[in-house]
There are 2 protein chains.
Amino acid sequence: MPDTMFQAQALSQAEGAAGPMDAALRARARQVIPGGLWGHLNAAKLPDGYPQFFSRAEGCHLWDADGREFIDLMCSWGPIVLGHRHPAVEAAASAQAAQGDCLNGPAPVLVELAELLVEMIPHADWCLLAKNGTDATTACVTIARAETGRRKLLVARGAYHGAVPWCSPSVAGVTEEDRAHLIPFEYNDAASLEAAADRAGADLAGIIVSAFRHDMGVALELADPAFGRQARSICDATGAALILDDVRAGFRLDLGGSWETIGVRPDLAAYSKAIANGHALAAVTGGERFREATTRVYTTGSFWCTAVPMAAALATLTELRRIDGPARMRAMGERLRAGLDRLAARHGLTIRNSGPPAMPLMQFEQDPGVRLGEAFCAAALRHGAYFHPRHNMFLSCAHGEAEIDTALEAADAGFAAVAAIA
Amino acid sequence: MPDTMFQAQALSQAEGAAGPMDAALRARARQVIPGGLWGHLNAAKLPDGYPQFFSRAEGCHLWDADGREFIDLMCSWGPIVLGHRHPAVEAAASAQAAQGDCLNGPAPVLVELAELLVEMIPHADWCLLAKNGTDATTACVTIARAETGRRKLLVARGAYHGAVPWCSPSVAGVTEEDRAHLIPFEYNDAASLEAAADRAGADLAGIIVSAFRHDMGVALELADPAFGRQARSICDATGAALILDDVRAGFRLDLGGSWETIGVRPDLAAYSKAIANGHALAAVTGGERFREATTRVYTTGSFWCTAVPMAAALATLTELRRIDGPARMRAMGERLRAGLDRLAARHGLTIRNSGPPAMPLMQFEQDPGVRLGEAFCAAALRHGAYFHPRHNMFLSCAHGEAEIDTALEAADAGFAAVAAIA
């Protein structure tokens with residue numbers, strides 16, 4: 001065994017980390033990246049045994065750097081909606097790459113994609129493309145302010161809308177002014193939304209809402225249709241913009257935008273994650289009223305016109321529509337949820353499933369420190385399924401009945417581990 | 001001729017636009033994208049005849065949607081540094097794509113790339129990766145504030161540091177608070193920098209500077225080494241962070257960071273554009289002192305760990321180092337510049353070349369409305385070279401003597417057109 005492998009294995013054992021290759025990569029990463037990794041893909045907050053580094057993926061199967069295989073229930077935290085390396089998407093991406101990607105202007109595929117988005121999404125008369133979900137939410141807020149000439153933005157307390165100072169969950173490096181015009185309300189709470197709108201008064205530029213309530217670590221909560229209609233009606237009455245942050249849920253719940261499921265249409269919407277099955281892309285869609293203001297807002301990036309992610313998005317959305325991806329993911333999510341309920345009961349455990357079936361969260365009752373959730377996940381991982389104890393998970397169209405059943409076998413081991421310590 | 005082609009040709013003639021396919025695409029784009037296109041790749045401000053849509057590229061050759069071929073002197077506004085579809089870069093990207101791209105965590109290539117960046121860039125003890133130049137500049141500012149616990153940021157008047165409210169060149173949708181802590185100074189002006197630092201006083205968090213002065217539409221100005229040393233010394237004296245915005249120039253002028261050319265090392269630097277030869281990637285590099293604060297700043301995006309752009313970056317930087325890309329681009333830029341001087345003189349015209357040879361700008365004397373510059377560019381474009389009249393251009397390592405000479409033949413036609421109207 002080479003020295004570095006030996007050291008890595010020692011490290012791995014000391015940390016209760018994943019395999020020796022993962023431990024070696026983490027040790028090297030810690031030298032050259034603060035904290036070993038930035039952001040949401042940092043595995044430091046996952047249970048022991050969770051790997052940080054991955055070597056390959058196919059469909060809903062994922063291999064870590066040590067070659068361990070898992071059924072993937074996170075789908076890269078959302079982007080993978082058809083399955084990893086989907087043939088139609090990768091063929092479209094490769095064909096475009098063979099022509100050109102990053103050029104002095106867009107390729108014709110931009111127009112095809114923009115037309116498809118406007119056709120698929122009922123509220124959309126136009127779109128912009130970008131790279132990050134945060135680009136899209138920030139552009140929506142800026143466009144709302146440009147159109148209304150007002151400043152106040154109503155934001156649900158605890159909601160995640162991106163990772164820059166106006167919305168980041170951390171306050172390190174954030175100034176008071178970065179959030180000067182935000183007014184909080186409670187998601188799904190009509191009285192608090194009304195009170196927040198009153199506080200904004202004549203300076204209300206917009207309301208930004210997620211497709212559903214998905215604050216980290218607490219049960220997911222679907223949007224109450226009455227709450228959605230109230231947000232719509234406040235905006236209609238005041239001229240403010242209703243902004244749907246559909247970055248996380250978009251194209252997984254409904255191809256026309258996630259609030260089609262509750263019959264409420266936004267003025268502006270932000271998309272990213274699932275739009276191109278893992279290729280870097282984001283989008284803003286908007287209604288006619290906001291078109292002119294959008295031409296005055298300067299929003300761009302060096303790679304916002306690259307053609308390969310657009311070709312991938314065109315293929316992804318076309319395939320999602322052809323196979324009715326949302327219905328398929330909902331059905332498989334329901335199968336997963338029913339199986340988890342059945343297995344938990346068999347082990348004498350009480351669980352709580354929440355969220356849309358395609359983006360589920362499973363929690364144990366009476367588990368404030370997520371000790372049971374972590375034990376479940378650690379055991380399920382050892383048995384070949386990658387669950388998450390705190391964050392909503394994601395299904396893809398590559399999850400069929402067989403893959404869900406394989407994941408449930410791993411879950412059975414997870415419940416057994418919990419039953420032993422509960 | 002189909003109806004749509006006929007309409008497109010009519011439109012094309014009416015607008016003095018490029019070919020019929022480009023005109024047809026622009027007409028369709030206008031329906032579904034505000035203003036027809038967002039941002040810096042919008043061709044609306046280029047001379048008549050400039051296409052907006054491109055179908056393919058290879059090396060330093062570029063084809064528009066109508067099949068017209070150009071020698072490309074913009075390199076996609078910076079990202080293309082080795083030439084389009086560089087074999088080593090695309091092979092590395094394809095090999096990674098065949099394994100996996102967007103996973104539940106990074107692939108091992110992250111560590112290799114981070115180690116290479118830290119090795120190549122003398123001031124760097126660590127790095128972060130992102131997608132946009134704006135992600136990187138914003139992260140630098142946030143990290144500077146987190147580390148110092150202060151708020152004020154000195155920014156050169158007219159400088160471009162990104163396209164979000166704190167730094168966007170447009171003020172539409174921007175609130176006063178978004179820029180509350182910015183204090184302007186004049187680039188290369190010691191007295192104004194000193195005065196700005198005095199205004200910030202004990203609240204000085206950082207100074208952000210571009211590698212050279214490249215404000216749109218005016219002559220480029222290299223960084224004065226004395227000015228750079230002064231910025232360094234203010235930061236050393238006050239504990240503020242010296243932030244180098246190397247998004248535009250990074251990896252084209254010096255592989256160790258563009259201020260290596262003037263012997264000044266920043267505390268934090270932002271990179272993007274050329275880092276991965278057109279694949280979407282950005283980076284922040286920083287010194288040891290800023291490591292801990294960086295772990296407290298939450299900065300992330302759905303695609304910030306995708307492996308394909310990292311594999312492309314590793315191949316790009318390795319190749320740039322192997323062939324000494326900056327020296328090659330400088331030499332070809334000098335050849336272009338000498339040729340332009342010679343041709344202009346032959347036509348009895350006075351031009352002003354400015355900027356680093358690899359990122360040149362050519363302007364005509366006494367040409368405030370850029371009428372002469374536009375006439376030059378329009379004629380050169382018709383003769384097969386894509387110049388820009390206002391923004392610095394970019395050379396790549398795919399520009400050899402033959403390609404520069406071909407561009408100079410087109411420039412000869414451009415000068416003839418200017419001589420006819422000057």
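Both backbone and side-chain heavy atoms feed into the values below; hydrogens, waters and symmetry mates do not. By convention in this document, chain letters (A, B, ...) are assigned in the order of the sequence lines, proteins followed by strands, and residues within each chain are numbered from 1.
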**Student:** Picking from Arg151(B), Glu112(B), Glu90(B), Lys273(B), which has the most non-hydrogen pairs under 4.5 angstrom with chain A?
**Tutor:** Lys273(B)
**Student:** Under a 4.5 Å heavy-atom cutoff, which of Gly35(A), Pro309(A), Pro169(A), Gly278(A) has the most pairs with chain B?
**Tutor:** Gly278(A)
**Student:** Looking at Arg296(A) and Ala172(B), would you say the former's side chain and the latter's main chain have a donor-acceptor pair under 3.5 Å?
**Tutor:** no
**Student:** Check whether Glu176(B) gets within reach of chain A through its side chain, its backbone, both or neither, counting any heavy atom under 4.5 Å.
**Tutor:**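 No part of Glu176(B) comes within 4.5 Å of chain A.
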**Student:** Heavy-atom pairs under 4.5 Å with chain B - which of Cys127(A), Gly36(A), Gly78(A) has more of them than the others?
**Tutor:** Cys127(A)
**Student:** Using a 4.5 angstrom heavy-atom cutoff, name the option from Gly286(A), Ala163(A), Ser168(A) with the most pairs to chain B.
**Tutor:**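 Ranked by contacts with chain B, first place is Ala163(A).
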**Student:** Distance-only, no hydrogens or angles: does the Thr295(B) side chain make a donor-acceptor pair with backbone N or O of Glu292(B) under 3.5 Å?
**Tutor:**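 Answer holds: yes.
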**Student:** Would you mind checking which part of Trp166(B) comes under 4.5 Å of any heavy atom in chain A, side chain (CB onward), backbone (N, CA, C, O), both or neither?
**Tutor:**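 Neither part; nothing is under 4.5 Å.
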**Student:** Within a strict 4.5 Å, meaning less than it, do heavy atoms of the Phe54(B) and Pro108(A) side chains meet?
**Tutor:** no
**Student:** Tell me, for Val118(A) versus chain B, whether the close heavy atoms (under 4.5 Å) come from the side chain, the backbone, both or neither.
**Tutor:**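 The answer is the side chain of Val118(A).
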**Student:** Tell me, side chain or backbone of Phe303(A) under 4.5 Å from chain B's heavy atoms, or both, or neither?
**Tutor:** side chain
**Student:** Aromatic contact between Trp304(B) and His40(A), with the criterion being ring centroids under 6.0 Å apart: yes or no?
**Tutor:**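 No.
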**Student:** For chain A, which candidate among Asn104(B), Leu62(B), Thr142(B) shows the most heavy-atom pairs at distances under 4.5 Å?
**Tutor:** Asn104(B)
**Student:** Heavy-atom cut-off 4.5 Å, strictly under: side chain, backbone, both or neither for Ile143(A) against chain B?
**Tutor:** neither
**Student:** At a heavy-atom separation under 4.5 Å, does Asn42(A) approach chain B through its side chain, its backbone, both, or neither?
**Tutor:**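 Neither part.
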**Student:** Please determine, among Leu117(B), Asp125(B), Asp72(B), Val109(B), the option with the most heavy-atom pairs under 4.5 Å with chain A.
**Tutor:**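 Greatest number of close heavy-atom pairs with chain A: Asp72(B).
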**Student:** Is the CD atom of Glu288(A) crowded by more than 12 outside heavy atoms at less than 6.0 Å?
**Tutor:**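 Atom CD in Glu288(A) is packed in, count exceeds 12.
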**Student:** Charged N to carboxylate O under 4.0 angstrom, Glu58(B) versus Arg85(B)?
**Tutor:** yes
**Student:** Considering only heavy atoms from C-beta outward, does the side chain of Trp126(A) approach that of Gln31(B) to under 4.5 Å?
**Tutor:**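 No, their side chains stay 4.5 Å or more apart.
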**Student:** Does any heavy atom of chain B fall under 4.5 Å from the side chain of Tyr386(A), the backbone, both, or neither of them?
**Tutor:** side chain
**Student:** Please determine, among Ala97(A), Ala293(A), Gly149(A), the option with the most heavy-atom pairs under 4.5 Å with chain B.
**Tutor:**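 Ranked by contacts with chain B, first place is Ala97(A).
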**Student:** Salt bridge between Asp203(B) and Arg150(B), side-chain N to carboxylate O under 4.0 Å?
**Tutor:**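 Result for this pair is no, no salt bridge flagged.
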**Student:** If I measure from the heavy atoms of chain A, does Ile80(B) come under 4.5 Å with its side chain, its backbone, both, or neither?
**Tutor:**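 Just the side chain, heavy atoms under 4.5 Å.
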**Student:** Ala180(A) versus chain B, heavy atoms under 4.5 Å apart: side chain, backbone, both or neither?
**Tutor:** side chain
**Student:** Identify which part of Phe70(B) has an atom lying under 4.5 Å from any heavy atom of chain A, answering side chain, backbone, both or neither.
**Tutor:** neither
**Student:** Checking the side chain of Lys131(A) only, and the main-chain atoms of Ala280(A) only, is there a donor and an acceptor separated by less than 3.5 Å?
**Tutor:**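 Yes; at least one donor-acceptor contact below 3.5 Å.
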**Student:** Check each atom of Leu129(A) against the heavy atoms of chain B and say whether the ones under 4.5 Å are side chain, backbone, both or neither.
**Tutor:**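 Both parts, backbone and side chain.
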**Student:** For Asp178(B) and Val174(B), indicate whether the former's side chain and the latter's backbone hold a donor-acceptor pair under 3.5 Å.
**Tutor:**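 No; judged by distance alone, with no hydrogens or angles, the pair does not exist.
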**Student:** Among Val297(A), Ile33(A), Asp135(A), which residue forms the greatest number of heavy-atom pairs with chain B at distances under 4.5 Å?
**Tutor:** Ile33(A)
**Student:** Would you check if the side chain of Ser302(B) reaches a backbone N or O of Pro79(A) as a donor-acceptor pair within less than 3.5 Å?
**Tutor:** no
**Student:** Between Ala114(B), Ala307(B), Gly100(B), which residue shows the highest count of heavy-atom pairs closer than 4.5 Å to chain A?
**Tutor:**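 Heavy-atom pair counts peak at Ala114(B).
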**Student:** Looking at Asn132(B) and Gly301(A), would you say the former's side chain and the latter's main chain have a donor-acceptor pair under 3.5 Å?
**Tutor:** no
**Student:** With a 4.5 angstrom heavy-atom cut-off, is it the side chain or the backbone of His84(A) that approaches chain B, or both, or neither?
**Tutor:** side chain
**Student:** Working to the nearest 0.5 Å, report the span between CG of Leu381(A) and CG of Asp64(A).
**Tutor:** 8.0 Å
**Student:** Between Gly133(B), Ser55(B), Ala65(B), which shows the greatest number of heavy-atom pairs under 4.5 Å with chain A?
**Tutor:**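 When all of Gly133(B), Ser55(B), Ala65(B) are compared, Ser55(B) has the most.
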**Student:** Measure Asn277(B) against the heavy atoms of chain A and call it side chain, backbone, both or neither at under 4.5 Å.
**Tutor:** neither
**Student:** Say whether, by atom type as modelled, one donor and one acceptor occur between the side chain of Ser76(A) and the main chain of Cys102(B) under 3.5 angstrom.
**Tutor:**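 Judged by distance alone, yes, a pair lies under 3.5 Å.
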**Student:** So for Pro106(B), is it side chain, backbone, both, or neither that comes closer than 4.5 Å to the heavy atoms of chain A?
**Tutor:** both
**Student:** What part of Pro165(A) is in contact with chain B, defined as an atom under 4.5 angstrom from a non-hydrogen atom: side chain, backbone, both or neither?
**Tutor:**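 Side chain of Pro165(A) only, per the 4.5 Å heavy-atom cut-off to chain B.
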**Student:** Can a donor-acceptor pair be found, under 3.5 Å and without considering hydrogens, that links the side chain of Asp101(A) to the backbone of Val308(A)?
**Tutor:** yes
**Student:** Do you know which of Thr134(B), Leu103(B), Val171(B), Leu25(B) has the most heavy-atom pairs under 4.5 Å to chain A?
**Tutor:**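 Ranked by contacts with chain A, first place is Leu103(B).
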**Student:** When rounded to the nearest 0.5 angstrom, what distance separates CG in Asp22(B) from CG in Asp66(B)?
**Tutor:**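 Result: 6.0 Å between the selected atoms.
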**Student:** Ignoring hydrogens and geometry, is there a side-chain-to-backbone donor-acceptor pair from Ser272(A) to Leu281(A) under 3.5 Å?
**Tutor:**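 Checked: pair present.
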**Student:** Please classify the contact between Ala98(B) and chain A as side chain, backbone, both or neither, with a heavy-atom cut-off of under 4.5 Å.
**Tutor:** both
**Student:** Can you say whether Glu147(A) sits under 4.5 Å from chain B via the side chain, the backbone, both, or neither, judging by heavy atoms?
**Tutor:**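 It is neither, since no heavy atom gets under 4.5 Å.
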**Student:** Between chain B and each of Met74(A), Gln96(A), His181(A), count heavy-atom pairs under 4.5 Å; write down the option with the most.
**Tutor:** His181(A)
